[in-house]
Structure formats: C-alpha cells, structure tokens
Amino acid sequence: MKKILVLNGPNINMLGLREPGIYGNFTLSDIEKAILHLAKELNVEVEFFQSNHEGEIVDKIQSVKDKVSAIIINPAAFTHTSVAIRDALAAIAPMPAIEVHISNVYAREEFRHKSYTAGVCIGQIAGFGLDGYLFALKKLNSLI
Ligand code: DQA
C-alpha cells in the first residue's frame, strides 16, 4: 500500500490555541483526523510526525527514504530559515513532497514570503487552512 508522511514543524502542535485569527480554531488532531478520513477513502497509508526541533525534522526526512512514497510538509517557521530541511528534502529526491501552509504566507509579513523549502517540493499550497493538507494528499496520491 502507498504510504505518505505528513510532517509538521514548530508550533503546529499549538493550533487551536495559537493566533486563531490567522490559523483558525482547528487543532493538529483535527488535521490528522481529516487526513486519516480521506486516506481511508483513497486507500493510502499515512504516518504523522510533528516536531519543534529542526534536527529532528531532518532526521525524520532522512529516515523515510525508501519507506514512504511521498511527503506532505508544513515546515512552519523553518520554511523561512532552514537550509538544513531543504537539503534533507533534496537528499531524498526524487521522492515528491508538497509544502503546505495553513495561512496565506504571501499576505503576511515579508519574512514569510521567502521559502527555503518550496524549491525542492513539487509545489506549494498556502492559505486554505486544513484543506491544504487534503489537496496535497489527493495530488500526491494521483502522482505516486
Ligand atoms: C505556517 C506559516 C509560517 O510562516 C509560520 O511560521 C507557521 C505556520 C502556516 O501553516 O501558515 O508556523 O507554516
């Protein structure tokens, strides 16, 4: 069975409490439940991982080489800073990854307009809340 890793970066565990005007009221657990529901329909296996630590995210990406078929990644704040996460995604190429952002980062502060990681992903989805993860899952499922 196809398997997709859903990887969330720092502070995504704080959804629900965190800046609800920007991120909404749903929690990380709500995202995971919605993904699981769709994954069942699509007959895809999913694995969830969230970390607030850059090195742990790099370790996780390295560890799934040959173990999953694709990655949905919200690197959160590391999007705008992390050469290490970009290099980890590049290192496991050609595994396809889609970058997801809950908020429309391009309508926010300028420092959020730059993504170090999007260039090594097949695409980026931003601004559609929880649905962005579901779009990414559908798209990756059709590609792998
Ligand atoms: C985010 C956007 C980032 O700029 C921010 O640091 C996050 C969440 C999003 O999903 O909208 O933590 O990745």
Side-chain angles (χ1 to χ4, degrees), residues 2-42 44-65 68-144:
K2 300 181 213 174
K3 187 169 176 185
I4 294 178
L5 172 68
V6 182
L7 202 165
N8 280 294
N11 300 305
I12 299 299
N13 58 313
M14 294 293 285
L15 288 176
L17 300 171
R18 175 188 183 204
E19 300 179 90
I22 295 173
Y23 297 112
N25 292 306
F26 56 85
T27 63
L28 176 57
S29 157
D30 294 331
I31 295 176
E32 293 180 350
K33 273 184 210 146
I35 291 174
L36 266 181
H37 186 79
L38 177 62
K40 254 193 186 166
E41 259 175 45
L42 299 174
V44 191
E45 199 180 328
V46 282
E47 178 185 341
F48 298 112
F49 183 80
Q50 189 275 330
S51 175
N52 295 323
H53 305 279
E54 186 176 17
E56 281 182 9
I57 294 171
V58 169
D59 288 345
K60 185 66 192 177
I61 293 169
Q62 290 180 4
S63 79
V64 296
K65 187 171 165 49
V68 303
S69 318
I71 301 181
I72 297 170
I73 182 166
N74 182 349
F78 291 142
T79 307
H80 320 299
T81 63
S82 183
V83 177
I85 293 175
R86 178 198 171 96
D87 287 351
L89 289 168
I92 59 164
M95 189 190 299
I98 294 182
E99 179 171 308
V100 172
H101 297 288
I102 295 159
S103 65
N104 179 0
V105 283
Y106 301 101
R108 300 181 62 195
E109 302 95 326
E110 207 169 321
F111 64 84
R112 296 185 203 275
H113 298 183
K114 161 102 186 150
S115 171
Y116 281 86
T117 40
V120 290
C121 292
I122 59 169
Q124 185 197 51
I125 298 166
F128 299 107
L130 189 160
D131 288 344
Y133 292 88
L134 304 180
F135 296 152
L137 180 58
K138 279 188 195 157
K139 186 67 200 172
L140 286 172
N141 181 53
S142 71
L143 290 174
I144 57 179

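Counting starts at 1 for both ligands and their atoms, in listed order.
The closest side-chain heavy-atom distance from Ile102 to Leu130 is not below 4.5 Å. Between Tyr133 and Asn74 the shortest side-chain heavy-atom distance falls below 4.5 Å. A 4.5 Å side-chain heavy-atom check between Pro75 and His101 finds at least one atom pair inside the cut-off.
Taking the six-membered ring for Trp and thresholds of 30 and 60 degrees, His80 and Phe111 have ring planes more than 60 degrees apart, a perpendicular arrangement.
Contacts with ligand 1 closer than 4.0 Å are made by no heavy atom of Thr79, backbone or side chain. Contact annotation: for Arg18 versus ligand 1, heavy atoms closer than 4.0 Å belong to the side chain alone. The residue Ile22 has no part lying near ligand 1, judged by heavy-atom distances below 4.0 Å.
Heavy-atom contacts from other residues, nucleotides or ligands closer than 6.0 Å to CZ of Phe128 number 12 or fewer. Sparse packing is recorded around NZ of Lys139, with 12 or fewer heavy atoms of other residues, nucleotides or ligands lying under 6.0 Å away. Shown here is His37, whose NE2 atom has no more than 12 heavy atoms of other residues, nucleotides or ligands within 6.0 Å.
Of the protein's non-hydrogen atoms, the one nearest atom 9 (C) of ligand 1 is Ile102 N, 3.3 Å. At the top of the distance list for atom 3 (C) of ligand 1, counting protein heavy atoms only, stands His80 NE2, 3.5 Å. Of the protein's non-hydrogen atoms, Arg112 NH1, 3.3 Å is the one closest to atom 5 (C) of ligand 1. Scanning the protein heavy atoms around atom 1 (C) of ligand 1, the nearest turns out to be His101 ND1, 3.6 Å. Of the protein's non-hydrogen atoms, Tyr23 OH, 3.5 Å is the one closest to atom 8 (C) of ligand 1. Atom 11 (O) of ligand 1 has as its closest protein heavy atom Ser103 OG, 2.6 Å.
Under a cutoff of 6.0 Å and an axis angle of 45°, Arg18 and Tyr23 form a cation-pi pair.
Those atoms of ligand 1 with a heavy atom of Val105 less than 4.0 angstrom away are 2 (C), 4 (O).
Checked against a 3.5 angstrom limit, the closest N/O atoms of Ile12 and ligand 1 fall outside it.
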